[in-house]
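What follows is a set of notes on a single structure, which appears directly below.
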Amino acid sequence: MRDYTHVIAVCFVEKMDEYRRYSEAERIIITYGLEVFLITL
């Protein structure tokens with residue numbers, strides 16, 4: 001299941017990145033946070 005949560009988080013971050021340019025570090029942190037959030041659901 002973690003692979004799916006990673007894919008979903010990456011898709012979210014890519015879409016968010018279209019509107020606001022995040023640095024690589026910010027994308028990693030946001031992706032990790034989304035993964036943790038999705039896993040806890």
Side-chain angles (χ1 to χ4, degrees):
M1 185 64 182
R2 291 180 185 215
D3 293 332
Y4 293 115
T5 57
H6 179 74
V7 171
I8 292 169
V10 168
C11 290
F12 268 162
V13 172
E14 287 176 356
K15 189 63 174 176
M16 290 168 49
D17 194 42
E18 291 177 6
Y19 298 104
R20 181 179 182 269
R21 290 292 177 196
Y22 294 110
S23 69
E24 184 66 27
E26 288 175 321
R27 280 183 279 177
I28 291 170
I29 292 169
I30 294 169
T31 302
Y32 175 74
L34 283 172
E35 285 183 51
V36 170
F37 175 75
L38 292 172
I39 288 170
T40 58
L41 288 180

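Since the structure is predicted, the reported quantities are computational estimates derived from the model, not experimental observations.
With sequence neighbours excluded, the residues satisfying side-chain contact (heavy atoms from CB on, under 4.5 Å) with Glu24 are Arg27, Ile28. Looking at residues two or more places apart in sequence or on another chain, you find no side-chain hydrogen bond (donor to acceptor under 3.5 Å, both in side chains) involving Arg20.
The CD atom of Glu26 sits 11.0 Å away from the OG1 atom of Thr31 when rounded to the nearest 0.5 Å.
Other residues sharing the hydrophobic cluster of Leu38, ordered by chain and number and joined by side-chain separations under 4.5 Å: Ile8, Phe12, Val13, Met16, Tyr22, Ile30, Leu34, Phe37, Leu41.
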